Structures are given as C-alpha cells and as structure tokens.
Amino acid sequence: MPLGPYPPELLTTAQMARADRLTIESGVAGMALMEKAAAAIAAAATAFLVKTAGRRVLVLCGPGNNGGDGYVAARILRSQRFKVRVAALTPPDTLHGDARLAAASWDGRVEDAATCDFKGVDLVIDALFGTGLARDLDGPTAELILRLNAWREETRQKIIAIDIPSGVDGTSGAIRGVAVQADSTVTFFRLKCGHLLLPGRLRCGTISCAHIGIRSNVLEKIEPQTFVNEPAAWRDALRLPSVEGHKYARGHAVVVSGGASHTGAARLSALAALRGGAGLVTLATPQEAFAVNAPALTAVMLRVADGPAGLSALLEDKRKNVVALGPGLGVGEASCALVETALAPSPERRAVVLDADALTSFALAPDRLREAIRAAPGPVVLTPHGGEFARLFHGQRWERTISGAPISKLERTRDAARDIGAIVIFKGPDTVVAAPDGRASILAEASPWLATAGSGDVLTGIVAGLLAQGMEPFAAASCAVWMHAAAADDFGAGLIADDIIDRLPAAWRRLIGEPAA
C-alpha cells in the first residue's frame, strides 16, 4: 500500500462533468483536454506493448467523448508506428461536438465493433463508455463486451480502459448489465467513486489518474465530500506524542469485556487501542471473567466492572475518555444496558465505539440506540460489517436510483450516518467511512488476508486508540481503517488478528516517515 498514489478527492460522475464544463468555460478547448487524455492513454498502451513486444492494437470506440479519446489515442499510437485498428459502435459521421472532431482526426478505416474480431490483437483499448454511462448495456453492445472478456480470458492479452471499464457505473461502482474486465484503467483529473466501490473496483485492474489540464481550483466550486482513504486526507489530524508529553495526555480508553467464555475479542480490542496510540487502556471485566482475563494481560490494565452500575462507576474517572463495546460482549438486553451506560449524558466529553454484539443487540430496537446516541456526551463510531449493517439499518429505503443503478455502498453508509447521528464504518474490501455531516472516505486497497476471525475487533481498538488522543472523529475512523489495512498488507499471507496488532508500529512508521525497523 503506497502512501497517496491518488489525489485525495473522489468525484461523482456529475461532479466530473461539472469540472469539465467549468474548465471549458474558463477558455480551455474541449479538444485540448481530449488530446491530453488520449496522450495519457497512448503512453499507458505503449508501456504495455513494450513489455510484451506487442505491436497490434484494437481501439473500440463508443458514441461519446470516451470514444473521441479512443480515436485520438489511435492516431497517436499509429504515429508511433504501432499497427492500429479502430472499431466503432456507431459510424463516425453520426458523432457530435468534440467526439466528431476527434473521429475526423483518424483517417484510417473504421470497422463495425459489433462484428469485429480480436484475432492477432496484442492489446485492446476500451473507449466504448466512460463514467457518464447511465443505463444498462444490452443487445449487440453487451455481446461485444462478453466476446471481449472471453478473448482476454482465452489469450491472456490485456485490456486498457479509458476513464472506467465500459459498463461500470462511475458513481456507484455497479455493473450496468455487463462490464469490461480491464487490466488497467486510466482516468482523468480525479478518481470517481465507482473506481473504488465494489464490484466496479474489481473490473478496473491497476488504476492511474492522469492530469489533463483541469485546474484543481475547480474543486472549490464542486466542493467534494468524498475522499480516497489515504494519509493525504487525514494526516494533518494525527495527534503525535511530544517529547514533554505524558501518558495521560494521550487519553485513557476503556474496552468492555464479555463473560468468561467470550473474552478474547475484547482483549484484542484493548491491545489494539494501546498500539493505536492511547496512553492507557483498561479492560473492564465482569467478576466472572477476571481470572480468565488477568493472566493474558500485561500492558493493558484490568478492572472489575459488573453490569451497568460497575461500568458507570468506572467511568466516573473523567480521564477515561473513550469506551469501546461489542467484541465478545454477548447479544441481549444486558449488552443494551451497557451500551446505554456508555452513551449516558456526562459533564465530561467521552467518545464511544460500538461494534459486533453492541450493534446486533439493538437490531430489533434501532430507535432505542438512535435516541441513546443523540444523548451521548461525545462522538460515536459504529463499525458494522455487512450483516450487522443490514440488521441495524434494515428499515432504511435503499433500492435503485432514477437511472436504475443500485444505491451505492457509499450512499447507504452516508444515509445511515445521517440517520443515526454517528460516524459509520461499513467494513469490507471497499470499507466506507461516513460522518453525519456528509463527509465520507473509501478505502483504496484492502488485504484479502483481513478476512480472518478477530480482525474487526482489532479495528475497533485502533479507532478507540486514536480517539483517545483527541483526533478528530471522522479522521480517526478513516485513519484507523487505513492503518488496519496497512498492517495486514505489511504482514501478508497467513495473517491472524494478533499479527495486525504486531504490525501497527510499522504502519505508524510509514505515516510519520521513519525508516522500517
């Protein structure tokens, strides 16, 4: 996971269209943008072809500006003495605007894409549809894409997509009927949400973002609220220890343990909170689990806290500024009562992190949790996986947009955060973090090895550790997700949850620029 390979802002397709429009209105010719975009595509194609000693390129052009980029890229590649064919969905003379001008710059033959063959081709450039696609693909176009994907699978040759693989919704990441399986995608100015949201992310291959002459100051008018979850988006909010500091200045997190037979998850969270930067961490344990928890702890402190009364007494210490509940807590009324105790109004600001059983316990009474969160004395972060999210937010209306695309994971998370009044981390390979004010981040890369028992408990602890230090809550949640993934990526194959905690120091070193140990 490299630090910051992409610009931090993520755009919807509508926002990208506005960026184009504002740039053209400022005096930059649309064809100038297209020429630069095509040059970036040609450079990517050349890099592929040089590696494979390939010479023969097929460019598939659609009926809009994406197709226009394809015509110009074809012209550039032919000028570099590659053998280039162009096949189009519609005749060039039916195009309009810049796309028509671009097609006119190609003076070679144009084949019918519906009947073209891929025999002898070393590389295909997908210039059929860009991020502006607003319908499901069917008929001859769908058949073409299925043939293209089959060719790639059979020959192991490569496909480069212009802007986004055709058939992927640029805003939601949904597959609109069928979609091209690209090996590389070159997009422009900023990534779109659909580049990082599944299943679209899986169709993009390696993603690169080319600068084509759109100035970043257009973002002041667009005001994007979605960001790539990488350090550039939140590094300035990190609360690093100072030489004259002390442990109490870094906060004191409390993690609540379940009963004697379910203690491991809370211990993972507690140790992760300590590695995540909290100055002190206390595991609040029921008396029945004391003898189980005590031998397994060293740096994490242990205190008996039986039921809501015991937890309430423990939290009277105003230095305890974060509480994490859920991992191994148990599902039922007893857990609901503990959560409500942690969320109870207090003269002292206190953050609360809720995961796992703390969420599932409210599945039949989400309004009860919503009311408790509204009364909370500080920020609240929820960390559901897909099942927990569905159980807690089952009453929400998430169907399809007017265009027919499914509501994206991004919008579902954003709506849930607004609805419940808390920051929501919707976990998964495309983890989304959303705040009630509309800000959101999407994880760019996640390790497949994170699909292991206890990894979510570790994430809960990292969030708590960052919040304990006073990091701004949305930034803390996003940072925790990144650190969790970075630590897993650093370890790699064979990962178990304990290994994520062991690799957190390496993630810290990457963030602050220290050399690897």
Side-chain angles (χ1 to χ4, degrees), residues 31 34-96 98-130 133 137 139-167 178-186 203 205 210:
M31 275 302 298
M34 193 168 283
E35 288 282 349
K36 289 183 179 180
I41 293 294
T46 300
F48 263 115
L49 293 164
V50 167
K51 283 183 181 179
T52 61
R55 302 295 301 167
R56 296 159 298 185
V57 182
L58 173 63
V59 184
L60 299 175
C61 294
N65 283 350
N66 196 254
D69 293 339
Y71 282 108
V72 179
R75 188 197 74 217
I76 294 171
L77 287 168
R78 191 175 63 175
S79 73
Q80 296 171 350
R81 301 190 180 281
F82 290 104
K83 295 180 179 180
V84 183
R85 292 165 49 205
V86 172
L89 290 177
T90 56
D93 59 8
T94 64
L95 302 181
H96 302 280
D98 291 332
R100 187 182 182 98
L101 293 174
S105 74
W106 169 257
D107 60 3
R109 179 183 172 219
V110 178
E111 305 172 31
D112 181 356
T115 58
C116 73
D117 67 73
F118 308 112
K119 185 177 180 180
V121 173
D122 299 312
L123 176 71
V124 171
I125 296 177
D126 166 26
L128 295 171
F129 297 96
L133 180 67
L137 298 179
T141 301
E143 292 174 9
L144 169 64
I145 290 174
L146 292 174
R147 286 198 299 116
L148 174 61
N149 289 342
W151 166 82
R152 173 186 174 276
E153 184 69 22
E154 291 167 6
T155 65
R156 304 296 179 184
Q157 301 288 32
K158 306 299 184 183
I159 301 171
I160 296 179
I162 297 182
D163 204 12
I164 201 165
S166 294
V178 296
V180 169
Q181 180 63 63
D183 297 282
S184 176
T185 297
V186 181
R203 298 300 183 103

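The figures here come from the full heavy-atom set of this structure, side chains too, leaving out hydrogens, waters and symmetry mates. All values reported here derive from a predicted model rather than from experimental measurement.
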(message) Under the criterion salt bridge (Lys or Arg N to Asp or Glu O under 4.0 Å), I'd like the reasoning laid out for Arg78 against Asp107: C-alpha separation, chi angles, the key distance, then a yes or no.
(response) CA-CA 11 Å; Arg78 191 175 63 175; Asp107 60 3; 2.2 Å; yes
Any side-chain heavy-atom pair from [X] and [Y] closer than 4.5 angstrom?
X	Y	result
Val57	Val59	yes
Asp98	Asn65	yes
Asn66	Ile164	no
Leu137	Phe129	yes
Leu77	Ile41	no
Arg55	Leu49	no
Val124	Gln157	no

Nearest-0.5 Å distance that lies between atom [atom1] in [X] and atom [atom2] in [Y]:
X	Y	atom1	atom2	answer
Ser105	Met34	OG	CE	9.5 Å
Thr155	Lys119	OG1	NZ	13.5 Å
Asp122	Lys158	CG	NZ	12.5 Å
Ile125	Ile159	CD1	CD1	11.5 Å
Ile162	Thr185	CD1	OG1	10.5 Å
Trp106	Arg75	CH2	CZ	10.5 Å

(request) Apply side-chain contact (heavy atoms from CB on, under 4.5 Å) to the pair Thr46 and Gln80, showing each step before the final yes or no. (result) CA-CA 9 Å; Thr46 300; Gln80 296 171 350; 3.2 Å; yes
Heavy-atom pair with the smallest gap, counting every atom of [X] and [Y]:
X	Y	answer
Ser79	Ile76	OG-O, 2.5 Å
Ala74	Val86	CB-CG2, 3.6 Å
Gly62	Leu89	CA-CD1, 4.2 Å
Tyr71	Leu95	CE1-CD1, 3.9 Å
Ala127	Gly70	CB-CA, 3.7 Å
Asn149	Ala179	ND2-O, 3.0 Å

Would you check if the side chain of [X] reaches a backbone N or O of [Y] as a donor-acceptor pair within less than 3.5 Å?
X	Y	value
Asp126	Ser166	yes
Arg147	Ala142	no
Asp69	Ala99	no

(request) Could you tell me which residues satisfy side chain to side chain contact (heavy atoms under 4.5 Å, CB included) with Arg85, sequence neighbours excluded, listed by chain and number? (result) Leu58, Glu111, Cys116, Asp117, Val121
(request) May I have all residue pairs that pass ring-ring contact (aromatic ring centres under 6.0 Å, His included) and include part of residues 142-166, sequence neighbours excluded? (result)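 Pairs touching residues 142-166 that pass the test: Phe118-Trp151.
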(request) Answer yes or no: is there an ion pair linking Asp183 with Arg152, defined by an N-O contact shorter than 4.0 Å? (result)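 Yes, this pair counts.
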(request) Please list, chain by chain and in numerical order, all residues satisfying salt bridge (charged side-chain N to carboxylate O under 4.0 Å, His left out) with Glu154, sequence neighbours excluded. (result) none
